[in-house]
Every structure is written in C-alpha cells, then in structure tokens.
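Source: prediction; values computed, not measured.
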Amino acid sequence: QVHLVESGGGLVQPGGSLRLSCAASGSIFSDYDMGWHRQAPGEQRELVASITSGGWTIYAGSVKGRSTISRDNGKNTIYLQMNSLKPEDTAVYYCAAGSGFNTYWGQGTQVTVSS
C-alpha cells in the first residue's frame, strides 16, 4: 500500500496559478499510476489529470491546456501545475495512486479561486 500527502492548496485569484504536490511513501512509487481528482461541494468527484507509471498523461477537458501533471520518481512525488485558474476550479483536490487493483487516496487539499 501507499500513503499520500497533498500540499500546495490555498486561496488564489482568478487567473492565478497554483502547484499542488503529492508525496507518496510506503510502496514502490514508480509502479503506480497516479492522478489528481477534485470534488466541489455538492458535486461528484471527478478526474482532473492522471499520469501512468509509464509517463502517459490524461487531462479532463475542463483543465486541458492550462494544467500539467508530472511525476518525480526520485522524490516519490507528483505535481499538478494549474494556471489561469477559474472560480469553477474551486474544489478539494485529492491525490490518488492505483496499481490496477487497489486505489489509495490522500486527505485532500482545498483550492479556492476567488477575488
């Protein structure tokens, strides 16, 4: 299993940028597919971006072109760089790790985009 700890959330103005980090421990990080999901109040949790163990990336249409997911296997960390933030990006962002059979979740970090 793997333990995940997110950081980097906060309050930003529309048009601003934020970089979320997710530090993993407890397992072989490079073997896992990793991703960021978000959940706004009263809404379903949705995929924001994912990166496979092989480095392939997928982005939700709502963030594609202004967000970048990356991983640093040496640091056991993944990142989500978010630019041109919009109020609709406001949500709790969760880091996830999957092996194909199990999924592990972090505690979440709040991102609030507001003037």
[atom1] of [X] to [atom2] of [Y]: how many Å apart, nearest 0.5 Å?
X	Y	atom1	atom2	answer
Asn76	Tyr32	CG	OH	11.5 Å
His37	Trp105	NE2	CH2	4.0 Å
Leu80	Ser50	CG	OG	11.0 Å
Leu85	Gln13	CG	CD	11.0 Å
Leu47	Ile58	CG	CD1	7.0 Å
Tyr79	Trp36	OH	CH2	10.5 Å

CD/Gln107: more than 12 non-hydrogen atoms of other groups inside 6.0 Å: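 Check passes, neighbour count above 12.
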
Neighbour count above 12 (heavy atom, 6.0 Å) for Gln44 CD: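 No - once you tally the heavy atoms of other residues, nucleotides and ligands closer than 6.0 Å, there are 12 at most.
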
Backbone of Cys22 reached by a side-chain donor or acceptor of Glu6 within 3.5 Å: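 Pair absent, no side-chain N/O of Glu6 close to backbone of Cys22.
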
Hphob cluster co-occupancy, Val48 + Tyr59, side-chain heavy atoms under 4.5 angstrom: yes

Path from Leu4 to Tyr94 over hydrophobic side-chain contacts below 4.5 Å: no

Candidate pair Thr90 and Gln110, rule side-chain contact (heavy atoms from CB on, under 4.5 Å), full reasoning: CA-CA 8 Å; Thr90 296; Gln110 177 71 47; 4.0 Å; yes

Audit row: Asp31, Ser53, side chain to side chain donor-acceptor pair (under 3.5 Å) steps and yes/no: CA-CA 6 Å; Asp31 289 344; Ser53 60; over 6 Å; no

Which heavy atom of [X] sits nearest a heavy atom of [Y], and at what distance?
X	Y	value
Ala40	Ala91	N-CB, 3.8 Å
Cys95	Met34	SG-CE, 3.9 Å
Asn73	Ser30	ND2-CB, 3.9 Å
Val92	Gly108	CG1-CA, 3.9 Å
Thr103	Ala96	CG2-CB, 4.3 Å
Arg71	Thr52	NH1-O, 2.9 Å

Step-by-step side-chain contact (heavy atoms from CB on, under 4.5 Å) determination, Lys75 to Ser21: CA-CA 11 Å; Lys75 296 181 178 179; Ser21 299; over 6 Å; no

Trace of the side-chain contact (heavy atoms from CB on, under 4.5 Å) decision for Met82 with Val113: CA-CA 11 Å; Met82 303 181 67; Val113 185; over 6 Å; no

Exercise: do Asn83 and Ser17 side chains pair donor with acceptor under 3.5 Å: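 Judged by distance alone, the side chains do pair up.
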
